[in-house]
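Letters go in sequence order (proteins before strands), and every chain restarts at 1.
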There are 2 protein chains.
Amino acid sequence: MGTVSKALSLLGFFSRDRQEIGLSEMTRLTGLNKATVFRLLTELAENGFVEQVGSGRAYRLGPVFLRLASLREAAVPMREMAQQVLDRLSAATGETTHMSILQGDQLCTLAYSYSVQHGTRVTMDDAEVITFHSTSSGLAVLAHSDTAFVTQVLAQPLERRTPMSVTDPEVILGQLEDVRRSGIAENVSGFEEDVHSHAAPVFDAQQRCYGAVAVAAPVARMSDALRAVIRAEVPRAALEMTRLLGGFPPASFKTKFETMPGHAPAA
Amino acid sequence: MGTVSKALSLLGFFSRDRQEIGLSEMTRLTGLNKATVFRLLTELAENGFVEQVGSGRAYRLGPVFLRLASLREAAVPMREMAQQVLDRLSAATGETTHMSILQGDQLCTLAYSYSVQHGTRVTMDDAEVITFHSTSSGLAVLAHSDTAFVTQVLAQPLERRTPMSVTDPEVILGQLEDVRRSGIAENVSGFEEDVHSHAAPVFDAQQRCYGAVAVAAPVARMSDALRAVIRAEVPRAALEMTRLLGGFPPASFKTKFETMPGHAPAA
DNA sequence: AACCTTTGGTTTGAATAATGAACCGCACAC
DNA sequence: GTGTGCGGTTCATTATTCAAACCAAAGGTT
C-alpha cells in the first residue's frame, strides 16, 4: 500500500460516531507508525482535509470536502438523481427508501427518502456505513458481486447487530442463491430491530453491481399486500437508477427479470 | 512537499469548468513527473477519490466526497448555519447573498441565498473559486489577513476579469486601508459585470479571518437607500456568522465596530 | 506533593517506498 | 509512413517509512 493510500485510509476512520480522532487513537486504528501518522495528518491538515479542533489536539474532517462534494455532484449528479427515484419509490410504497453504494469495500448510504403516509417510519442516517451480511442492500450487492469479493467479505468477522442477525457464512451463501433467483434481497431485523427491508441491485456501465435500492418498513406494518407492492416497485426503481446513472444490468440478470412486463420478478 | 500533498494538490485542479482531466494535462498542471502523477491518480482512484470516466482515460472526482462532506457537515454544520444567516440577510436586503471561506490560499463559495423580492438578481455558482483582488469578499479577507499572506496574493499575476477590475497591487493596498477603516469592503463590477457587492469579514476561534459574508446587487439597483441597508446588515450578518461558527473578532476589529449599537460601522 | 499513565509531538539509522528520465504501444493528422 | 501526443510502464536513484526510543504536558490516584 502506497503512502497516499495510507493517508486516505485515515479519513475512512471518521464516522458519525467518531467525528474527532486523536493521534494515538489513529495509530491504533491504522496500525501504522505514530511518526508516520503524525506526518500524514500534518500533510492532510495543510491541505484542509483534516483540521485540529480548536483547543485540543484531536483531528476532524476538514472543510475542503464541501467544495469537492459540490464539484463531484456537478460532474455526476448521482445523489440528485437518486433522490428523485427514491422520492417516487417512497410515494409508491409509503415507506422509507434508500440507496447505498460501494465505496471501496464498504457500503454506504448515498441518499434516502421518507414517506409522509404513516406516522411511524424507519429513519436513516446520512452517509452511514452498513453491513453486507445483515441488510437487504448488502445481500443484493453481494449476490451480484464476483465470488472473490464475496469470500473476502464473508471471511471477515460478521457482526451480530441484533439477535436476528445471520452471521453464518454458509447460511448467507444460501441466501445469496435465493437473491439471485428472485432478483430481490429481503432481510428482517438483521441490522436494526423491527425493520423489514427489501433491496434490488444497481449496476454501472461495466455491468458491475455497485449499489442497491431498498425499501425499509416497520416489521409490524409488513403485510402480504405491502410486500407485493414493494417486490413490484423495488426492482423497477433499481433498474431506473441503473439506467439514470448510465449503467445496465448484466445479461444474466436482464434476461431473467427485465423482459417481464413491468420488470416485476417472479415471487 | 510530501507525497500526500502532491496527491491532494491534484484534486485542487478540478473545478466547475474542468470536471475531467487527463493524465498529460494533469502532469502539465502540476509540473510533476508523468509516472508520479499516474501513480498518484491510481492510488487516488483505488480509494474512490477520483475515477476514470467510462470509455476514455480522463479522471474526475470520485464518489467518496459525498460521504465525507456529509460527515464533515455532521461534525461542523458550517454550511447549514451559513445558509440560515444568508437567508435572513437576503430577506433583509432583497439581494443575493453569499459566504466564501479560505481553503488553503483559495477563496471559495460555501453557500449562497437568493431573494425573491426582485425579478432580476445576481446568480451564484456552488463551490466557485473567487479572486481576492476583484471581489468585495476577497478584499474583506485580505484586509484582515497578515501582511505575509497579502503580499503573497498580490505578488501573483492578478487577472483582469472585467474592464473595471483593479489589478495594480499598490491601488489594492490602498483599498485594504479603506476596508479596515470602515469594516466593509465594496466592489463594483470587478469580478462580474454589473455587480455591486459589499462584504464583511468572518473570524475563527483564533481570531484569524477565514471568510466573508457578502451582498451582491445589480449595479442598476444600487441606490443610497439600498447601500445604507446593506452597510448596516452585512457587518451584522458577518458577526453573527463569526459567533455561530465559534469564532470571535480580534480586539482591533471588535472595539471599532462591535461596540456600536447594532454593530453598524461608521459610514 | 509524589507518582503513574496517557496524551501529542520529535528524533534516530536500517528497511522500504517514491521519484524521474527514458521507453512502449497506440491512435490520429498530415 | 512519419511525426506527435496520448495513457501507461520500467528501473536505478533518492526520499520516506518504520520501530524504538525520548520529551513535555495534562489528568488521575494515592
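The interatomic distance linking B:Glu20 (CD) with D:dG7 (P) rounds to 12 Å, in whole Å. Atom CG of B:Leu40 is separated from atom C1' of C:dA18 by 9 Å (rounded to the nearest Å). Computed from coordinates, the B:Phe38 CZ to C:dT19 P distance equals 14 Å when rounded to whole Å. Atom CZ of B:Arg39 and atom C1' of D:dC11 are 14 Å apart (whole Å).
Between B:Arg28 and D:dG5 there is no side-chain N or O to OP1 or OP2 distance below 4.0 Å. Between A:Gln52 and C:dT7, a side-chain N or O to OP1/OP2 separation shorter than 4.0 Å is absent. For the OP1/OP2 pair of C:dA18 and a distance below 4.0 Å, the side-chain nitrogens and oxygens of A:Thr3 include at least one atom meeting the criterion. Considering only side-chain N and O atoms, A:Tyr59 lies under 4.0 angstrom from the phosphate OP1 or OP2 of C:dG9.
Counting non-hydrogen atoms under 4.0 angstrom, A:Leu32 reaches the backbone sugars and phosphates but no base.
Residues B:Ala35 and B:Ser24 each lie close to DNA chain D; by heavy-atom proximity, the contact nearer the 5' end of the strand is made by B:Ser24.
When side chains are defined from C-beta on, A:Leu154 does not count as touching A:Phe132, because their heavy atoms never get closer than 4.5 Å. Within the 4.5 Å cutoff, the side chain of B:Leu71 has heavy atoms near those of the A:Arg16 side chain.
One cannot find a donor-acceptor pair under 3.5 Å joining the base of C:dG20 and the side-chain atoms of B:Lys34. For B:Asn33 against C:dA21, a side-chain N or O and a base N or O form a donor-acceptor pair under 3.5 Å.
Counting only N and O atoms by type, the side chains of A:Asn47 and B:Ser5 include a donor and acceptor under 3.5 Å apart.
Taking every side-chain heavy atom of B:Thr36 into account, C:dG20 is the closest of D:dC6, C:dT7, C:dG20. For B:Glu43, counting side-chain heavy atoms from C-beta on, the closest listed nucleotide (C:dA18, D:dC18, C:dG9) is C:dA18.
Both the sub-6.0 Å distance and the 45° axial angle are satisfied by A:Arg161 relative to the ring of A:Phe191.
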